[in-house]
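Okay, so here's the structure we're looking at.
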Amino acid sequence: MTARTRFILRYSLSQLTQSVVWSTQQPNVIAKAMGINPAFFYATPEDAPPRRTINLKRLTALRGAVAGSVIISQVFSLMDVISLSMQAYSERIRVGKEPPLEDDTRKGVVVRLAGENSIVTNLSLARGGRRRIFPIYENPNDPDVEHMVEIHSSGQNGRPALLARRNTNTGLLRRFSTACATDVAPSGGGEGSPFHNFLRSSGGSDCRVPVYWKVDDGRYSHSSSWAGMNIPPNWFFDLPDEGEELLLLEADATLDYPMSLRRVSTEDFDLDLKEVAQGFSQLINLATKGNRHRGKTFQTMRVLLVDPDAASRSGGGRETTAREVANELGLADIVVDARAPIVITIKDWLASVENRYGIKEKKPVSNGWWRLRGGSQDTKPNKPIVLETPEEEWFLSLQGELGQLGYTVMDRVDALNVYGSLDGIPFIVYEKTTGDTLHTVSQLVRKGMVEPQQVCAFCPRPWALEALMENSMQAGVRYISSADIYDRLLHWVRTRAIEDGATAEEIQQELDNEMVDILEETAKHYDGLVRIVK
């Protein structure tokens with residue numbers, strides 16, 4: 001290669017980066033660096049003929065324009081590719097098809113089958129954060145699932161404050177703030193970080209961390225439903241015995257309105273027992289495959305939250321219950337009763353009202369005919385309860401359940417007609433939404449129709465209880481949330497298994513025989529959602 005050719009190549013390469021900023025690496029400097037006499041190539045402009053100097057300036061300008069525009073366009077193209085990749089990644093997180101990340105900073109994650117919607121799961125995430133529980137949902141477009149993703153997928157590690165949401169008819173509160181308790185976001189990745197700001201400015205969503213996996217309804221046994229899903233090593237809990245680990249699986253098979261206590265069949269379940277069994281099996285298979293190279297053995301504990309008395313009928317006409325089916329087929333290791341703790345909590349509140357006001361065995365003030373829903377006209381209640389609810393099915397189911405405890409459930413108007421006032425009568429308010437319930441209670445108390453201490457408000461969605469509705473809560477009213485009760489029980493099961501090393505048989509026996517004591521114990525640690533406001 002001649003000296004001229006080497007100089008041309010060296011000169012061309014030296015101008016690549018210089019052209020982006022419309023600068024030029026001087027040819028005489030390049031020639032001297034190569035050990036060549038600059039005058040031999042007219043390396044200095046003053047040595048070149050005028051016409052060649054003009055051409056040199058023209059070509060230099062053209063080179064800068066072409067090189068600069070090409071390189072800058074490539075930079076913008078790369079940024080566009082990054083933005084599209086982020087949006088695609090964010091969309092996979094939103095629809096539940098991005099596998100979970102491994103996090104060595106925390107040990108132990110609960111995997112929970114949550115069906116299409118699970119209010120208790122949303123509460124568990126709000127209390128413990130996304131790094132303690134990983135749900136399996138069926139519908140990414142469910143408003144509660146969207147709300148959960150919007151809160152927890154932003155990458156915050158702490159426990160976000162409970163946020164209010166509107167009722168299901170008005171959609172979500174799209175504008176919200178997230179407050180963390182003690183933990184903070186990872187360095188460089190939190191709110192306000194360069195990455196976070198670039199993600200926002202590039203049009204990408206704020207979904208940065210996978211928070212759930214999606215399985216279509218009825219497809220829990222299909223391997224394609226779990227393609228890409230994995231069980232990270234840090235999801236196994238350490239047991240007190242050295243070398244042993246525990247994979248903790250949970251399933252929420254409750255209905256949307258469990259506090260109505262209505263009698264149901266297993267066909268009413270959003271997440272039926274067969275899907276629970278298939279989901280548990282698939283998750284155990286994933287854990288087994290991923291655990292082979294680690295050389296550690298693990299145990300599995302399957303916890304099922306369900307109404308154990310739900311009827312199950314076979315094609316041959318044989319009638320059993322959900323618990324009998326679960327025990328016969330070995331669908332779960334522990335069955336958490338979703339019905340008994342609600343009844344126990346209501347009984348506890350009724351006892352507090354009776355202690356305060358005495359047992360009201362009232363004689364009716366009206367001598368005329370009156371009629372109770374579900375009862376006969378000549379029935380005179382000795383221990384009345386007023387139930388304010390818009391749903392006839394809820395009224396009748398609670399009427400039947402509380403009737404077994406010696407109470408007669410009445411409508412508010414009927415109670416006023418019979419007794420003349422509501423003084424000292426236990427009063428339950430159960431509307432379709434938590435917001436409606438709080439508003440009704442507030443109006444009843446402010447109008448002086450009832451005293452706060454005689455009122456119990458059923459609030460299935462507890463986040464509205466803690467956030468925007470806080471000003472609507474009345475001092476002295478008892479607020480009960482089924483989601484709170486269930487979350488406390490599931491947390492108690494985890495604590496007994498992981499910290500105390502209790503077996504599934506021991507835990508099941510305690511749940512069956514000591515439910516009252518367990519509810520009292522767990523209520524001490526969760527005073528925020530089921531409480532008397534002071």
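Note that the structure is predicted; figures quoted are calculated from it, not measured. Quick note: numbers below take in every heavy atom, side chains included, and nothing from hydrogens, waters or symmetry partners.
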[X] and [Y]: which non-hydrogen atoms are nearest, and at how many Å?
X: Leu286; Y: Ile231; value: CB-CG1, 3.9 Å
X: Leu239; Y: Ile498; value: CD2-CA, 4.5 Å
X: Ser482; Y: Ile342; value: CB-CD1, 4.0 Å
X: Lys97; Y: Pro99; value: O-CD, 3.9 Å
X: Ala504; Y: Met301; value: N-CE, 4.1 Å
X: Phe134; Y: Trp213; value: CE2-N, 3.5 Å

Partners passing side chain to side chain contact (heavy atoms under 4.5 Å, CB included) against [X] (at least two apart in sequence or in another chain):
X: Arg92; result: Ala88, Tyr89, Glu98
X: Val264; result: Leu255, Arg262, Asp268, Phe269, Asp307, Ala310
X: Pro390; result: Glu431, Lys432
X: Lys347; result: Val343, Leu405

Quiz item: What pairs of residues pass the salt bridge (charged side-chain N to carboxylate O under 4.0 Å, His left out) test when at least one of them lies in residues 497-509, not counting sequence neighbours?
Solution: Arg496-Asp500
Practice problem: Any pair with a residue in residues 395-406 that passes salt bridge (charged side-chain N to carboxylate O under 4.0 Å, His left out), sequence neighbours left out, goes on the list, sorted by first then second residue, please. | Solution: Arg263-Glu401, Arg339-Glu401
Could you check if a side-chain atom of [X] sits within less than 4.5 angstrom of a side-chain atom of [Y], using non-hydrogen atoms only?
X: Arg478; Y: Val353; result: no
X: Leu489; Y: Met515; result: yes
X: Leu305; Y: Val303; result: no
X: Leu402; Y: Ile428; result: yes
X: Arg356; Y: Gln454; result: no
X: Pro232; Y: Pro100; result: yes
X: Leu511; Y: Val493; result: yes
X: Asp238; Y: Glu245; result: yes

Out of curiosity, [X] [atom1] to [Y] [atom2], how far, rounded to the nearest 0.5 Å?
X: Leu123; Y: Arg488; atom1: CG; atom2: CZ; value: 10.5 Å
X: Phe427; Y: Ile385; atom1: CZ; atom2: CD1; value: 11.5 Å
X: Glu244; Y: Phe298; atom1: CD; atom2: CZ; value: 10.5 Å
X: Arg130; Y: Leu125; atom1: CZ; atom2: CG; value: 10.5 Å
X: Trp492; Y: Leu490; atom1: CH2; atom2: CG; value: 11.0 Å
X: Asn117; Y: His147; atom1: CG; atom2: NE2; value: 11.5 Å

Donor-acceptor pair, side chain of [X] and main chain of [Y], under 3.5 angstrom:
X: Glu116; Y: Glu138; value: no
X: Asp487; Y: Ala483; value: no
X: Thr495; Y: His491; value: yes
X: Ser225; Y: Arg219; value: yes
X: Thr389; Y: Phe395; value: no
X: Asn355; Y: Ala351; value: yes
X: Ser397; Y: Ser260; value: yes

Self-check item: Residues that Asp512 engages under salt bridge (Lys or Arg N to Asp or Glu O under 4.0 Å), provided they are two or more places apart
Solution: Arg323
Quiz prompt | Chi angles and distances behind the side-chain contact (heavy atoms from CB on, under 4.5 Å) call for Trp226, Ile136 | solution = CA-CA 10 Å; Trp226 305 91; Ile136 311 293; 4.1 Å; yes
Exercise. Return yes when atom CD of Glu267 has more than 12 non-hydrogen atoms of other residues, nucleotides or ligands closer than 6.0 Å, and no otherwise.
Key: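 Atom CD in Glu267 is not crowded, with 12 or fewer foreign heavy atoms closer than 6.0 Å.
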Quiz item: Does atom NZ of Lys289 have more than 12 heavy-atom neighbours from other groups under 6.0 Å away?
Solution: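 Check fails, neighbour count at 12 or below.
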Any residue meeting ring-ring contact (aromatic ring centres under 6.0 Å, His included) with [X], in chain and number order, not counting sequence neighbours:
X: Trp349; value: none
X: Tyr486; value: none
X: Phe237; value: none

Practice problem: Report the C-alpha distance between Arg132 and Val110 in whole Å, list the side-chain angles of each, state the deciding distance to 0.1 Å, and finish with yes or no for side-chain contact (heavy atoms from CB on, under 4.5 Å). | Solution: CA-CA 6 Å; Arg132 296 182 182 273; Val110 177; over 6 Å; no
Quiz item: Name the one of Ile480, Val429, Leu438 that satisfies side-chain contact (heavy atoms from CB on, under 4.5 Å) with Cys459?
Solution: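 With Cys459 as partner, Ile480, Val429, Leu438 yield a single side-chain contact (heavy atoms from CB on, under 4.5 Å), made by Leu438.
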Quiz prompt | Aromatic plane relationship, Tyr137 with Tyr212 - under 30° parallel, 30 to 60° tilted, over 60° perpendicular | solution =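 Perpendicular, since the angle between the ring planes exceeds 60°.
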Can I get a per-line list of side-chain donor-acceptor pairs under 3.5 Å for residues 275-283, giving both atom names and the distance, sequence neighbours left out?
unit_1	atom_1	unit_2	atom_2	d
Glu275	OE1	Asp272	N	3.2
Glu275	OE2	Gly218	N	2.9
Ser281	OG	Ala277	O	3.0
Gln282	NE2	Ser221	O	3.0

Practice problem: Applying side chain to side chain donor-acceptor pair (under 3.5 Å), name anything that partners Glu319, two or more places apart in sequence or on another chain. | Solution: Arg313
Quiz prompt | Worked verdict on Leu261 versus Ile346 for side-chain contact (heavy atoms from CB on, under 4.5 Å) | solution = CA-CA 11 Å; Leu261 299 178; Ile346 296 174; 4.3 Å; yes
Exercise. Evaluate the criterion side-chain contact (heavy atoms from CB on, under 4.5 Å) for residue pair Ser118 and Asn122; output intermediate values, then yes/no.
Key: CA-CA 7 Å; Ser118 173; Asn122 290 342; over 6 Å; no
